[in-house]
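Step one of this worksheet: look at the structure below.
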Amino acid sequence: MTHKVNFGDELVSPEEKTRRVSAVFSSVARRYDIMNDLMSGGMHRLWKDRFAARVKPRAGEDILDMAGGTGDVAFRMARRGARVTVADINADMLQVGEERARHRGIAGLTWKVENAEALTFRDATFDGYTIVFGIRNVTDIRSALHEAHRVLKRGGRFYCMEFSSSDWPGFSNLYETYASSIIPRIGKAVAHDEESYRYLVESIRRFPRPEAFKRMIAEAGLVRAAAEPMLGGLVTIHSGWKI
Ligand code: SAM
């Protein structure tokens with residue numbers, strides 16, 4: 001029997017999942033930023049600010065922002081003086097990001113199409129590896145974590161921010177209703193794409209809870225793995241170090 005993985009709630013082959021995830025982001029690329037504001041009520045900006053503050057990028061550091069999409073996190077880190085490589089499997093997302101960087105006058109970023117599961121960078125290239133709202137879309141998460149470990153220098157830091165289901169009793173019910181019925185409707189009205197937003201909600205529901213993901217980070221060889229859950233684990237900042 002061929003190995004199957006989840007694409008949202010559906011079981012598909014790993015190749016099919018990678019292809020469909022790519023189609024989702026090509027479809028949403030042009031409306032991605034406005035949809036983030038609408039779906040989170042602007043909160044994603046605060047989460048990303050907090051994330052960049054945790055990473056503490058410094059001038060002269062090389063940071064890989066994996067699954068960097070349209071550059072939101074990379075811009076925040078570049079403003080702090082780091083040299084940032086924005087890598088993503090989807091060229092359409094990167095293209096929107098490059099246009100945004102040009103409009104905002106943010107220079108010095110490198111944009112590169114890369115699959116997080118099999119990076120083309122040499123061992124020990126980066127001082128920091130970041131991945132925000134990206135890893136739950138990756139087909140083989142364990143391979144991506146091993147690649148993160150490989151491309152980090154000794155002493156390099158890994159930071160990941162991801163959604164999962166919340167365990168706050170009242171809030172989690174409220175969120176479930178919002179996510180399953182309202183987000184796909186906003187997707188339909190604004191991005192003309194209900195299915196992609198249904199996938200995004202389902203992928204959040206399926207992502208491991210913070211403690212389980214923390215164990216996966218440790219298994220990839222990153223030490224002092226830590227998780228900082230917000231909103232009862234709906235959004236968590238994960239970190240680890242390479243020694
Ligand atoms: N980090 C950005 C942000 O927070 O605004 C973009 C997040 S977006 C929800 C997820 C991104 O993950 C998409 O741009 C998608 O193309 C990318 N992605 C999915 N699978 C990937 C993979 N295997 N390798 C690299 N990027 C991937």
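For ligands, and for the atoms within them, numbers begin at 1 and follow the listed sequence. Residue numbers start at 1 and run along the sequence shown.
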Close N or O approach ([X], ligand 1; < 3.5 Å):
X: V132; result: yes
X: D88; result: yes
X: M93; result: no

Item to check | Interatomic spacing from CG in L109 to CE in M77 - rounded to 0.5 Å | outcome: 9.0 Å
Item to check | Separation of L64 CG from F126 CZ (nearest 0.5 Å) | outcome: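 F126 atom CZ to L64 atom CG measures 4.5 Å (nearest 0.5 Å).
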For [X], counting its heavy atoms only, list the atoms of ligand 1 lying under 4.0 Å from any of them.
X: E114; value: 24 (N), 25 (C)
X: V21; value: 19 (C)
X: F133; value: 4 (O), 7 (C), 8 (S), 9 (C), 10 (C)
X: N137; value: 10 (C), 19 (C), 20 (N)

Checklist entry - Can the positive tip of R20 be found less than 6.0 Å from the middle of the six-membered ring of F7, inside 45° of the ring normal? => result yes
Next on the checklist: Less than 6.0 angstrom from the centroid, inside 45 degrees of the normal: does K112 satisfy that with respect to the ring of F121?
Outcome noted: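 The answer is yes, since K112 meets both limits relative to F121.
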Identity and distance of the protein heavy atom lying nearest [atom]:
atom: atom 18 (N) of ligand 1; value: I89 CG2, 3.8 Å
atom: atom 23 (N) of ligand 1; value: N115 OD1, 2.9 Å
atom: atom 12 (O) of ligand 1; value: A67 CB, 3.3 Å
atom: atom 24 (N) of ligand 1; value: A116 N, 2.9 Å
atom: atom 3 (C) of ligand 1; value: Y32 OH, 3.5 Å

Checklist entry - Hey, is H44 one of the residues with a heavy atom under 4.0 angstrom from ligand 1? => result no
Checklist entry - Side chain or backbone of T70 under 4.0 Å from ligand 1, or both, or neither, by non-hydrogen atoms? => result neither
Checklist entry - Given that the side chain starts at C-beta and the backbone is N, CA, C, O, which of these parts of M66 lies under 4.0 Å from ligand 1, counting heavy atoms, or is it both or neither? => result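 Contact part for M66 vs ligand 1: side chain (C-beta onward).
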Item to check | F133 and V235, any side-chain heavy atoms less than 4.5 Å apart | outcome: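 Yes; the side chains approach each other to less than 4.5 Å.
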Next on the checklist: Could you tell me if the side chain of F213 sits less than 4.5 Å from the side chain of I135, heavy atoms only?
Outcome noted: yes
Taking the basic N atoms (NZ, or NE/NH1/NH2) and the acidic carboxylate oxygens, is any pair closer than 4.0 Å for [X] and [Y]?
X: K188; Y: E195; answer: no
X: R45; Y: D37; answer: yes
X: R83; Y: E61; answer: no

Checklist entry - How about Y159 and Y129: are their ring centres within less than 6.0 Å of each other? => result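 So the answer is no for these two rings.
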